[in-house]
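Remarks on the structure that follows.
Each chain gets a letter, A, B and so on, in the order its sequence line appears, and its residues count up from 1. Only heavy atoms go into these numbers, but all of them, side chains included; no hydrogens, no water, no symmetry mates.
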2 protein chains.
Amino acid sequence: MTTPLPNKPVRGSNSGIAIMAVFDLLGRKWNMRVMWELNTKALSFRELQAQCDGMSPSVLNARIKQLTEAKLVCRSQEGYKLTELGCSLMDTLNPLRNWAVEWEKKLRK
Amino acid sequence: MTTPLPNKPVRGSNSGIAIMAVFDLLGRKWNMRVMWELNTKALSFRELQAQCDGMSPSVLNARIKQLTEAKLVCRSQEGYKLTELGCSLMDTLNPLRNWAVEWEKKLRK
DNA sequence: AAAATCGCTACTTATTTAGTAGCATATCGT
DNA sequence: ACGATATGCTACTAAATAAGTAGCGATTTT
């Protein structure tokens with residue numbers, strides 16, 4: 001157990017950089033949730049808001065903007081929906097669903 | 001496109017509840033990152049802080065508390081480390097690593 | 001043409017995170 | 001034994017983010 005404080009990231013392989021960006025994105029309130037709801041079907045702004053427990057429109061707007069810039073969500077005739085890239089993210093995130101129920105079981109114990 | 005605003009979650013199957021808790025946990029700054037760093041090896045408080053770009057100790061403390069209550073992290077002789085449950089979460093999250101690099105590629109295009 | 005609904009912005013307040021200082025305990029070298 | 005250094009962590013303030021509410025201009029419905 002050594003290591004003083006003054007240490008910057010210095011992740012050698014640089015392959016670590018990408019995952020950090022993902023953490024920034026997903027580690028933000030609502031982003032996963034919004035995508036999760038859109039994974040079912042395209043939704044209009046207000047539908048999406050309703051699905052997300054009535055989250056405030058200002059924040060929803062900001063999230064949509066961020067997810068759109070990240071090319072995970074886009075707008076279409078039927079409303080907001082996931083892009084291919086967005087779908088692929090939800091696919092890799094899908095196992096979380098099952099993990100979640102196992103986790104909940106063990107927490108109750 | 002219908003649906004007025006006043007609508008609460010009402011997720012029928014109740015299996016949706018668990019994933020929402022996961023979103024609350026992971027959708028919070030630093031939680032994924034902290035676990036990611038611990039996935040490599042056990043770390044002391046200050047080591048962990050250094051690995052996480054010098055995140056403020058007050059926040060780190062809060063995160064550790066939350067992750068500990070969630071039984072994903074625990075303390076040991078060697079420092080803080082992931083529990084079995086925590087490891088299993090990182091395992092299911094592992095594919096994110098590869099998704100992240102693909103995502104980055106397509107973003108640059 | 002009136003009423004309702006839409007996507008969204010503008011604002012204020014509440015909650016969360018960042019940033020810094022420092023205390024109490026433990027370990028180390030002399 | 002003594003001071004020097006390191007550790008885990010708390011306290012406090014400032015900055016950033018989210019919640020909450022009102023409402024505008026545009027479209028759609030009646």
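Inter-axis angle, ends of the helix from C/dA1-D/dT30 to C/dT30-D/dA1, five pairs per end, rounded to 10 degrees: 30°.
Remark: side-chain polar atoms of B/Glu47 are paired, donor with acceptor, to backbone N or O of B/Ser44 under 3.5 angstrom. In this structure a side-chain-to-backbone donor-acceptor pair under 3.5 Å is missing from B/Gln49 to B/Arg46.
In this structure the side chain of B/Trp103 never reaches within 4.5 angstrom of the side chain of B/Arg108, judged on heavy atoms. Side chains of A/Leu67 and A/Leu38 form no contact here, defined as non-hydrogen atoms less than 4.5 Å apart.
Rounded to whole angstrom, the span from the CG atom of B/Leu43 across to the P atom of D/dC9 amounts to 13 Å. The interatomic distance linking B/Leu60 (CG) with D/dT7 (C1') rounds to 13 Å, in whole Å. The nearest whole Å value for the distance from the CD atom in A/Glu47 to the P atom in C/dC8 is 13 Å. For B/Asn61 and D/dA11, the CG to C1' distance is 12 Å, given to the nearest whole Å. As rounded to whole Å, 14 Å separates atom P of D/dT7 from atom CD1 of B/Ile64. Taking atom CG on A/Leu48 and atom P on C/dC6, their separation rounds to 13 Å, with Å as the unit.
Atom CD in B/Glu102 sits 4.0 Å away from atom NZ in B/Lys105 (nearest 0.5 Å). For the atom pair B/Leu89 CG and B/Lys71 NZ, the distance stands at 15.5 Å (nearest 0.5 Å). Considering NZ of B/Lys106 and CG of A/Leu72, their distance stands at 11.0 Å, rounded to 0.5 Å.
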Indicate every side-chain donor-acceptor pair of residues 23-30 of chain A with a distance under 3.5 Å to a residue at least two apart or in another chain.
none

Shorter than 3.5 Å, N or O on both sides, protein versus nucleotides 18-21 of chain D: list them out with atom names.
residue, atom, partner, partner atom, Å
D/dA18, OP1, A/Arg28, NE, 3.4
D/dA18, OP1, A/Arg63, NH2, 2.8
D/dA18, OP2, A/Arg63, NH2, 2.2
D/dA19, OP1, A/Lys29, NZ, 3.1
D/dA19, OP1, A/Trp30, NE1, 3.2
D/dA19, OP2, A/Trp30, NE1, 2.7
D/dG20, O6, A/Ser58, OG, 2.8

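Residue B/Tyr80 places no side-chain N or O under 4.0 Å from the OP1 or OP2 atom of D/dT7. Between B/Ser44 and D/dG8 there is a side-chain polar atom (N or O) within less than 4.0 angstrom of OP1 or OP2.
Within the structure, every pair that satisfies the side-chain hydrogen bond (donor to acceptor under 3.5 Å, both in side chains) test and touches residues 80-92 of chain A, not counting sequence neighbours, is listed here: A/Ser88-B/Trp99.
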Exercise. Apply the test salt bridge (Lys or Arg N to Asp or Glu O under 4.0 Å) to residues B/Glu37 and B/Arg33: give CA-CA distance (whole Å), side-chain angles for both, the deciding distance (0.1 Å), then the verdict.
Key: CA-CA 6 Å; B/Glu37 300 297 345; B/Arg33 172 70 178 272; 2.8 Å; yes

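For A/Cys87, the side-chain contact (heavy atoms from CB on, under 4.5 Å) criterion is met by A/Leu82, not counting sequence neighbours.
Out of C/dT9, D/dT10, D/dC9, the shortest distance to the side chain of B/Arg75 is found at D/dC9.
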Quiz prompt | Reading 5' to 3' through nucleotides 24-30 of chain D, protein heavy-atom contacts under 4.0 Å coded B for base, S for sugar-phosphate only, - for none | solution = -------

